[in-house]
Amino acid sequence: MIGGTMMAAYLRVPMLTFSQSSTATTRRCRNQRTRCSVNAATNSAKIPMPPHNPKDPFLSKLASVAASAPETLLNPPRNSDAPPFLDIFDTPKLMATPAQVERSVSYNEHRPTKPPPDLPSLLLNGRIIYIGMPLVPAVTELVIAELMYLQFMDPKEPIYMYINSTGTTRDDGETVGMETEGFAIYDAMRQLKNEIHTVGVGACIGQACLLLSAGTPGKRFMMPHAKAMIQQPRIPSSGLMPASDVLIRAKEVITNRDNLIKLLAKHTGNSEETVAKVMRRPYYMDAIKAKEFGVIDRVLWRGQEKIMADVAPPEEWDKGAGIKVVDEF
């Protein structure tokens, strides 16, 4: 007691007795409890109640949490990595469907982050394959991959192949690819379970003409002003190759020519001798001649075939006009 009196005198602090100190402590506790109860009542009165929307899972969850456990919203964790109010979900979910989200007036916010798909990919969704280049390795790889993909997606639906290609040569006759490029696409077409509808547009030359004729029988078409041409395979540029190597390449070209003749004869219905005869020189065919030769089955006239079929032959016109035909002796 004496030590406490001396310390109080040194610090110049009025010293309270035990009874006085206990009474002050009791009063502070009572005041604190009163303030806590008042604050709790005030906080309960100020609890934000989110609007209830049964179509929005986020607002529905938020309203139920505010009704059952308001302290979750009043005392959110400060060191949380999740955005506000998202920690009440067990797993991330879609807050609302795109139709329920208000659209922004800024176009940049809706600009796609990835480039749009290329046009061949969009055509592939319609089961369309377009060959519009000479048959080089890159084109062969893409066409075969598309064929296998379409069969994998649906082995029963038909595949539509539009052909506008000069084959393994350019339009001036220079060789740009090996004959095996055309044979590779041909073999892939024959292995598929799907029907393949071929349509010739522009030009179908050499190996491209073979692909046109290799479509499903009855499903081979050609545009009215398209051209088809069959020709013998050409030997690639020999350069400074030795004579023995040139002879080996020449034998390979002869083998490819014989295979091309056999396949064209098979799909056109002509004999191998007929095909070999017309292939001695480049043999051009328009749509009508290609149909007569057996390369295609129909010409896509857009209604003109029906018009031509409805036209009466000359004998019917003569009969209708009252003209009697006399046989000549």
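This structure is a prediction, so every number in the text was calculated from the model and none was measured.
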[X] (side chain) donor-acceptor with [Y] (main chain) under 3.5 angstrom:
{"X": "N194", "Y": "E157", "result": "yes"}
{"X": "T268", "Y": "L264", "result": "yes"}
{"X": "N270", "Y": "A265", "result": "no"}
{"X": "E272", "Y": "I261", "result": "no"}
{"X": "R220", "Y": "S213", "result": "yes"}

Compare every heavy atom of [Y] with every heavy atom of [X], then report the nearest pair and how far apart it is.
{"X": "G202", "Y": "N164", "result": "CA-OD1, 3.5 Å"}
{"X": "K266", "Y": "R190", "result": "NZ-NH2, 4.0 Å"}
{"X": "L135", "Y": "I185", "result": "CD2-CD1, 4.0 Å"}
{"X": "L150", "Y": "R127", "result": "O-NH2, 3.2 Å"}
{"X": "A287", "Y": "M223", "result": "CB-O, 3.5 Å"}
{"X": "A226", "Y": "G200", "result": "CB-O, 3.6 Å"}

For the [atom1] atom of [X] and the [atom2] atom of [Y], what is their distance to the nearest 0.5 Å?
{"X": "Y186", "Y": "L260", "atom1": "OH", "atom2": "CG", "answer": "10.5 Å"}
{"X": "M222", "Y": "R298", "atom1": "CE", "atom2": "CZ", "answer": "15.0 Å"}
{"X": "E146", "Y": "I128", "atom1": "CD", "atom2": "CD1", "answer": "11.0 Å"}
{"X": "H267", "Y": "K262", "atom1": "NE2", "atom2": "NZ", "answer": "13.5 Å"}
{"X": "C204", "Y": "L212", "atom1": "SG", "atom2": "CG", "answer": "4.5 Å"}
{"X": "E252", "Y": "T180", "atom1": "CD", "atom2": "OG1", "answer": "8.5 Å"}

Transitively linked via ILVMFWY side-chain contacts under 4.5 Å: [X] with [Y]?
{"X": "M178", "Y": "I248", "value": "no"}
{"X": "L142", "Y": "I163", "value": "no"}
{"X": "M189", "Y": "M148", "value": "yes"}

Exercise. Sort out for me which residue in I254, T255, N256 forms a side chain to side chain contact (heavy atoms under 4.5 Å, CB included) with D258.
Key: I254
In the structure I gave you, are the side-chain heavy atoms of [X] and [Y] within less than 4.5 Å of one another anywhere?
{"X": "N259", "Y": "F183", "value": "yes"}
{"X": "M161", "Y": "L147", "value": "yes"}
{"X": "I129", "Y": "L123", "value": "no"}
{"X": "K291", "Y": "D297", "value": "no"}
{"X": "M133", "Y": "S165", "value": "no"}
{"X": "V136", "Y": "T140", "value": "no"}
{"X": "P137", "Y": "E181", "value": "yes"}
{"X": "F221", "Y": "I296", "value": "no"}

Self-check item: Within the 6.0 Å centroid threshold, strictly below: Y162 and H197
Solution: no
Quiz item: Is it true that the side chains of T169 and T166 contain a donor and an acceptor less than 3.5 Å apart?
Solution: no
Quiz prompt | Residues Q207 and T168: side-chain donor-acceptor under 3.5 angstrom | solution = no
Exercise. Mind running side chain to side chain contact (heavy atoms under 4.5 Å, CB included) on I159 and E195 for me, showing each step along the way?
Key: CA-CA 6 Å; I159 300 173; E195 287 187 354; over 6 Å; no
Quiz item: Given the rule in the side chain to side chain contact (heavy atoms under 4.5 Å, CB included) test, do Y160 and T198 qualify, once you have shown the distances and angles that lead to the verdict?
Solution: CA-CA 6 Å; Y160 305 92; T198 55; over 6 Å; no
Quiz item: How far apart are the C-alpha atoms of D286 and K227, what are their side-chain angles, what is the distance that settles it, and do they pass the side chain to side chain contact (heavy atoms under 4.5 Å, CB included) test?
Solution: CA-CA 5 Å; D286 57 7; K227 293 287 184 179; 4.0 Å; yes
Quiz item: Residues sharing M229's hydrophobic cluster, by side-chain heavy-atom contacts under 4.5 Å among ILVMFWY, directly or via others?
Solution: I205, Y284
